[in-house]
Amino acid sequence: MVDAGDWSGAQPYEDAKGPFFMDAMAMLNYDAATVGEREFNYGYKLFLDQAAKRKLVIVQANLRDKASGKLLFKPYILKKKQGVTVAIAGLISRTIPLGVAQDSTIVDDPLATAQKLVPEMRKKAQVVVLLAHMGRVDAEDLASQVPGIDVLVVGHHPGLVLTSRKLASTVSVASGEQGQNIGETFIDCDGGKCTAREGKVTILMPEVGERADIAQLSKKLEDAVNDKNRHMNQTNLATATTPHPGAPHYLGQDACVSCHQPQYEQWRTTAHAHAFDTLVKQSKDATPECVQCHVTGWTKPGGFVSSASSGGMSNVQCEVCHGMGTAHDMFSAKPAAPPESLCVSCHNPTNDPSWNYSAKLAKVVH
């Protein structure tokens, strides 16, 4: 069990995410993980302390402390799996900004590091796994230049690859982001010689089920993040979304219903009309990555800010599909049916894996 980095939060209100994922990885018996830039959002010394308290094994071979010149983490570890010795190492790209840790760290050239490190690991292990927080292009370019890597696990916006890519003797795998998939890589070993065969990704749909202890930990995190964000920056956000006189802005469903009563009544029967309630029930009604697809005009002029200050813009109303009400004269003569390109801004493979435009359109058309 390994991870290629960027599990910590990206926003100030998400500071609880890093410790949460470290706790979860400990509960799931992860063998090792490497780090991405998000792990240093609150300073690398805090991260080091949090990881040490949880005894999380971090591997990172080209990231050093600027003052001492020493590596921040172990370059690699050796693990015995079913009688096979596996070496697991981590690398990070030099082109990825490390935020608040930028001035206190040094990132060595990952290619030069790998060229020195991989032969050393090969002498000790039958299988070499590289956790490369470098993006797909750079990671696969490195693997093509450094023989001896059996499995390349790609991090830093790697995309979702349902089946592995073969690069000479290296299998390149990536299981997407947001923890919604799990990747498996298969290695054949015979007489002490091991060959990486293939990797595949399983999407964690509801039928997969969940572990009660992990679900409880996850719910605790989601509630904490949601509550913290609800109380943050509401004044600034409200100011940013207050429309200037005469500028385009959202009006809300009440402005539409006076002329479009039949369409409004049909809309009320759809899931769009109750979209925000689903977040309230799950305590995610202030979590930005969720809210933006369950309200109208999120962070835009006249749009939704919070349920307390702009409850009238809750749910997926008319203007989400048909444009700002102040631009009505411009779009009223155009075809009314929204294109699929508009729908998939929210109904994407991550949020809605079973999305089918024709089938879903029939449920909302009016």
Side-chain angles (χ1 to χ4, degrees), residues 1-79 87-114 116-117 121 129-136 138-139 142 152-158 174 177-179 217 221 224-225 228-229 232 289:
M1 294 283 284
V2 296
D3 192 283
D6 267 2
W7 61 77
S8 295
Q11 304 295 333
Y13 60 84
E14 297 178 315
D15 58 343
K17 278 191 175 181
F20 158 78
F21 278 110
M22 285 188 252
D23 288 336
M25 284 191 277
M27 294 166 69
L28 293 168
N29 298 316
Y30 266 64
D31 294 292
T34 196
V35 293
E37 66 277 14
R38 287 188 181 181
E39 278 63 71
F40 298 128
N41 277 349
Y42 309 98
Y44 79 83
K45 291 185 178 179
L46 175 62
F47 174 77
L48 287 172
D49 181 59
Q50 293 174 336
K53 286 180 179 178
R54 292 161 176 82
K55 298 181 180 179
L56 182 65
V57 178
I58 303 293
V59 289
Q60 179 52 254
N62 68 323
L63 188 59
R64 294 185 286 122
D65 177 75
K66 192 171 185 178
S68 67
K70 296 180 179 180
L71 287 174
L72 294 179
F73 309 97
K74 296 178 181 179
Y76 66 92
I77 62 167
L78 299 175
K79 299 284 290 190
I88 307 171
L91 290 173
I92 191 168
S93 171
R94 301 180 84 176
T95 62
I96 299 175
L98 297 182
V100 296
Q102 187 77 29
D103 295 334
S104 54
T105 55
I106 296 174
V107 182
D108 296 328
D109 178 32
L111 177 59
T113 303
K116 179 181 178 181
L117 195 65
M121 292 191 293
V129 177
L130 177 61
L131 311 180
H133 195 85
M134 303 172 63
R136 173 166 297 282
D138 288 349
L142 180 146
L152 178 72
V153 183
V154 183
H156 190 64
H157 310 300
E177 302 179 64
Q178 299 187 18
L217 188 69
L221 167 78
V225 170
K228 186 170 184 178
N229 187 60
M232 281 183 62
E289 57 262 38

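Numbers here are sequence positions counted from 1. Heavy atoms only: backbone and side chains are in, while hydrogens, waters and symmetry mates are out.
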What closest approach, in Å, do Asn41 and Val100 show between heavy atoms, and which atom pair accounts for it?
O-CG2, 3.7 Å
Distance from Phe21 atom CZ to Leu221 atom CG, nearest 0.5 Å?
7.0 Å
Grab the two heavy atoms, one from Leu72 and one from Leu48, that are nearest each other, plus how far apart they are.
O-CD2, 3.9 Å
Tell me which one of Val153, Ile88, Val154, Leu142 satisfies side-chain contact (heavy atoms from CB on, under 4.5 Å) with Leu130.
Leu142
Is Val35 close to His133 at the side-chain level, that is, under 4.5 Å between some pair of heavy atoms?
no
Could you tell me if the side chain of Pro110 sits less than 4.5 Å from the side chain of Met134, heavy atoms only?
yes
What distance separates Lys74 NZ from Thr34 OG1, expressed to the nearest 0.5 Å?
13.5 Å
Sub-4.5 Å side-chain heavy-atom contact between Arg54 and Pro19:
yes
Of the non-hydrogen atoms in Ala132 and Leu152, which two are nearest, and what is the gap between them?
CB-CD1, 3.8 Å
Under 4.5 Å between any side-chain heavy atoms of Asp6 and His156, yes or no?
yes
Basic-acidic side-chain contact under 4.0 Å: Lys53, Asp49:
yes
Classify the ring geometry of Phe47 against Trp7: parallel below 30°, tilted from 30° to 60°, perpendicular beyond 60°.
tilted
A side-chain contact here means heavy atoms from C-beta on lying under 4.5 Å apart; do Val59 and Val2 qualify?
no
Show the nearest heavy-atom pair for residues Ala33 and Met25, with the distance to one decimal.
CB-SD, 4.3 Å
Tell me, with the steps shown, if Phe20 and Val225 meet side-chain contact (heavy atoms from CB on, under 4.5 Å).
CA-CA 11 Å; Phe20 158 78; Val225 170; over 6 Å; no
To the nearest 0.5 Å, what is the distance between CD1 (Ile58) and CG (Leu63)?
11.0 Å
To the nearest 0.5 Å, atom CG of Asp65 lies from atom CZ of Phe73 at 10.5 Å
Taking C-beta and beyond as the side chain, do Asp3 and Leu131 meet within less than 4.5 Å on heavy atoms?
no
Check whether any side-chain heavy atom of Leu98 lies under 4.5 Å from a side-chain heavy atom of Val107, and answer yes or no.
yes
Within the structure provided, determine whether Gln60 and Ile92 are in side-chain contact (heavy-atom separation under 4.5 Å).
yes
Heavy-atom closest pair (Glu37 atom, Pro97 atom, distance to 0.1 Å) is CB-O, 3.3 Å
Please lay out, stage by stage, how Arg94 and Asp109 fare under the test side-chain contact (heavy atoms from CB on, under 4.5 Å).
CA-CA 7 Å; Arg94 301 180 84 176; Asp109 178 32; 3.5 Å; yes
Taking all non-hydrogen atoms of both residues, which atom of Asp108 and which atom of Arg64 are closest, and how far apart?
OD1-NH2, 2.7 Å
To the nearest 0.5 Å, atom CD1 of Ile106 lies from atom NZ of Lys66 at 6.5 Å
